[in-house]
Colleague: 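Questions regarding the structure given below will be posed in turn.
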Protein chains: 2
Amino acid sequence: MRPTERKLTLALGHNGYKLTAQRRSVLKAISNSHEHLTPAEVHERVNQENSKIGLVTVYRTLELLSELGLICQVHREGKSQSYTLAPSGHHHHMICSECGTVADFTDCDLGELEARLSRETGFEIEGHLLEFSGRCGDCQEQAGRNADD
Amino acid sequence: MRPTERKLTLALGHNGYKLTAQRRSVLKAISNSHEHLTPAEVHERVNQENSKIGLVTVYRTLELLSELGLICQVHREGKSQSYTLAPSGHHHHMICSECGTVADFTDCDLGELEARLSRETGFEIEGHLLEFSGRCGDCQEQAGRNADD
DNA sequence: TGCTAAATGAAAATATTTTTCATTTAGCAT
DNA sequence: ATGCTAAATGAAAAATATTTTCATTTAGCA
């Protein structure tokens with residue numbers, strides 16, 4: 001069993017949820033992709049296999065997996081919500097604006113900024129959202145090659 | 001004329017756009033609110049006045065104002081897009097998760113982190129999204145008072 | 001092997017955003 | 001001031017995205 005599947009089994013069991021074929025397919029589709037996927041994209045990929053599961057189930061499953069911390073949302077200006085596999089613990093995303101590849105990183109060092117803002121504005125800070133966007137190595141190469149043509 | 005209105009007039013003129021009553025109303029609704037507003041909320045507030053403008057115009061106007069840099073989007077998990085007034089230049093938001101108040105700050109000091117990530121992952125970084133969420137001073141007080149009851 | 005609560009799927013409802021196109025109007029030239 | 005024209009608006013419809021409802025199926029347990 002792949003580590004992600006193992007996590008799924010454990011997380012579901014601990015919380016009184018059932019392990020179904022649909023849930024496994026959805027998580028598999030996401031963990032097989034480096035990109036972030038919308039509910040519709042997940043649905044499409046899952047149904048390319050034999051299984052044929054309903055879009056509603058995809059929505060429900062994404063919400064559940066997200067709650068369990070196995071996947072998480074990516075925030076793109078103007079686009080509909082999309083999801084990517086979550087490593088365990090606090091982390092952030094770097095997203096390629098061309099191919100959608102998501103790379104994770106964990107150390108964000110925002111503590112000091114957070115403390116200062118809290119002091120200056122009186123806000124009690126609970127969380128933060130940090131994402132970088134840019135071009136991944138592969139897309140840069142590709143662009144380079146195309147320029148040579 | 002209020003400074004925000006002045007900016008609107010200038011920004012529109014410089015780009016060959018026309019100054020219409022609808023555009024002024026939409027910007028006014030946003031600049032009168034400390035909170036971030038969805039298109040539907042902007043529409044509602046604008047139409048409480050006499051004017052009655054169409055929701056389509058609100059959508060179109062929000063897009064335009066955003067392009068002109070007069071307003072900007074706020075990113076909330078699972079919610080539909082919403083907008084808030086933009087100060088000039090690079091900045092970020094702190095958002096109260098209770099009342100939706102938005103406070104801006106400008107210095108994010110992400111340069112070093114950015115350089116390191118770029119070096120380590122090969123990404124060419126183009127931009128970042130940083131938002132803090134928490135409870136504003138007012139909402140903390142309010143919660144305190146309710147606890148006393 | 002059967003029971004039951006949980007999960008699924010299909011359809012409908014709701015919400016959100018965009019497109020189309022006829023009508024109106026801001027800004028400019030006279 | 002007045003008329004012209006490209007840009008802007010509004011209404012309706014279309015497209016897209018998401019949620020609800022409810023009858024049927026199934027995982028996990030006794």
Side-chain angles (χ1 to χ4, degrees), chain A residues 1 5-6 8-29 36-47 49-68 70-71 73-83, chain B residues 1 5-6 8-29 36-47 49-68 70-71 73-83:
Chain A
M1 200 192 277
E5 284 240 342
R6 180 180 307 282
L8 175 65
T9 309
L10 290 175
L12 290 173
H14 284 161
N15 293 277
Y17 296 115
K18 294 176 178 174
L19 176 63
T20 64
Q22 290 89 335
R23 286 171 179 172
R24 275 195 277 133
S25 306
V26 167
L27 183 58
K28 189 164 141 221
H36 50 93
L37 303 174
T38 62
E41 287 165 344
V42 170
H43 184 234
E44 196 186 335
R45 296 195 184 201
V46 164
N47 285 10
E49 323 260 306
N50 31 43
S51 39
K52 307 291 172 203
I53 81 178
L55 180 57
V56 202
T57 300
V58 172
Y59 271 96
R60 283 190 287 229
T61 304
L62 289 173
E63 197 184 335
L64 176 64
L65 295 179
S66 179
E67 205 175 282
L68 295 175
L70 295 165
I71 63 175
Q73 284 198 313
V74 159
H75 301 79
R76 318 262 58 202
E77 191 102 346
K79 300 291 165 58
S80 75
Q81 310 285 15
S82 59
Y83 295 82
Chain B
M1 197 192 274
E5 285 239 343
R6 179 178 308 281
L8 175 64
T9 309
L10 291 174
L12 290 173
H14 284 162
N15 292 278
Y17 296 115
K18 295 176 177 175
L19 178 62
T20 64
Q22 291 89 336
R23 286 170 179 173
R24 275 196 277 131
S25 307
V26 167
L27 184 58
K28 191 164 139 220
H36 51 92
L37 303 175
T38 62
E41 285 164 345
V42 170
H43 184 234
E44 196 187 334
R45 295 194 184 201
V46 165
N47 285 11
E49 324 259 307
N50 31 43
S51 41
K52 308 290 174 204
I53 82 179
L55 180 57
V56 201
T57 301
V58 173
Y59 271 96
R60 283 191 286 229
T61 304
L62 290 173
E63 197 183 335
L64 177 63
L65 296 179
S66 179
E67 207 175 282
L68 295 174
L70 295 164
I71 63 174
Q73 286 198 314
V74 159
H75 302 78
R76 315 263 57 201
E77 191 102 348
K79 299 291 165 56
S80 76
Q81 308 286 17
S82 62
Y83 294 84

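Residue numbers begin at 1 in each chain, while the letters A, B, ... track the order of the sequences. Computed from a prediction, not measured in an experiment: that's the story for all the values here.
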Colleague: Rounded to the Å, how far apart are E67(B) CD and dA8(D) P?
Modeller: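 Between P of dA8(D) and CD of E67(B): 11 Å.
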Colleague: Looking at CD of E63(A) and OH of Y83(A), how far apart are the two atoms once the value is rounded to the nearest 0.5 Å?
Modeller: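 Answer for the CD-OH pair, E63(A) versus Y83(A), is 7.0 Å.
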Colleague: On a heavy-atom basis, which atom in I53(B) and which in N47(B) lie closest, and how many Å separate them?
Modeller: N-OD1, 2.8 Å
Colleague: How long is the gap from CG on L68(A) to OG1 on T61(A), to the nearest 0.5 Å?
Modeller: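 Separation between the atoms: 10.5 Å.
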Colleague: Please list, by residue number, the residues of residues 55-63 of chain A whose heavy atoms come closer than 4.0 Å to an atom of DNA chain C; answer none if no residue qualifies.
Modeller: V56(A), T57(A), R60(A)
Colleague: Does dG10(D) have OP1 or OP2 sitting under 4.0 Å from an N or O in the side chain of Q22(B)?
Modeller: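 Yes, because at least one side-chain N or O of Q22(B) sits under 4.0 Å from OP1 or OP2 of dG10(D).
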Colleague: Once side-chain contact (heavy atoms from CB on, under 4.5 Å) is applied, do any residues pair with S25(B), and if so which ones, sequence neighbours excluded?
Modeller: V46(B), S51(B)
Colleague: Walk me through it: do L8(B) and L65(B) pass the test side chain to side chain contact (heavy atoms under 4.5 Å, CB included)?
Modeller: CA-CA 8 Å; L8(B) 175 64; L65(B) 296 179; 3.6 Å; yes
Colleague: As an exercise, state the distance from CD of E67(A) to CG of L62(A), rounded to the nearest 0.5 Å.
Modeller: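 Atom-to-atom, E67(A):CD and L62(A):CG are 12.0 Å apart.
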Colleague: Return the residues of residues 38-46 of chain A meeting this criterion: a heavy atom under 4.0 Å from some atom of DNA chain D. Order them by number, or give none.
Modeller: none
Colleague: Please state how far atom CG in L12(B) lies from atom C1' in dA6(D), giving the value in whole angstrom units.
Modeller: 16 Å
Colleague: Quick one: L8(B) CG to dA8(D) C1', roughly how many Å, whole number?
Modeller: 14 Å
Colleague: By side-chain hydrogen bond (donor to acceptor under 3.5 Å, both in side chains), which residues pair with S66(B), not counting sequence neighbours?
Modeller: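 Here no residue qualifies.
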Colleague: Quick check on DNA chain D: between G16(B) and K52(B), whose nearest nucleotide comes earlier from the 5' end?
Modeller: G16(B)
Colleague: Please name the pair of heavy atoms, one in S82(A) and one in H36(A), separated by the smallest distance, quoted to 0.1 Å.
Modeller: OG-ND1, 2.9 Å
Colleague: If I take atom CD from residue E5(B) and atom CG from residue L70(B), how far apart are they, to the nearest 0.5 angstrom?
Modeller: 11.0 Å
Colleague: Going by heavy atoms in the side chains, are T57(B) and V26(B) under 4.5 Å from each other?
Modeller: no
Colleague: For residues Q81(A) and R76(B), report the shortest heavy-atom separation together with the two atoms involved.
Modeller: NE2-O, 4.4 Å
Colleague: For DNA chain D, what dot-bracket results from Watson-Crick or G-U pairs at under 3.5 Å, with [ ] for crossers and | for inter-strand partners?
Modeller: ||||||||||||||||||||||||||||||
Colleague: For a quick check, with a 4.0 angstrom heavy-atom cut-off, what is the B/S/- contact string for nucleotides 22-30 of chain C, read 5' to 3'?
Modeller: ----BS---
Colleague: Which atom names give the shortest non-hydrogen contact between R45(B) and A29(B), and what distance separates them?
Modeller: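 So the minimum-distance heavy-atom pair works out to CB-CB, 4.4 Å.
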Colleague: Within this structure, what is the CD-to-C1' distance between Q81(B) and dT18(D), rounded to whole angstrom?
Modeller: 14 Å
Colleague: Distance-only check: which donor-acceptor pairs under 3.5 Å involve side-chain atoms of residues 15-22 of chain B, not counting sequence neighbours?
Modeller:
{"unit_1": "N15(B)", "atom_1": "ND2", "unit_2": "A11(B)", "atom_2": "O", "d": "2.6"}
{"unit_1": "T20(B)", "atom_1": "OG1", "unit_2": "R23(B)", "atom_2": "N", "d": "3.2"}

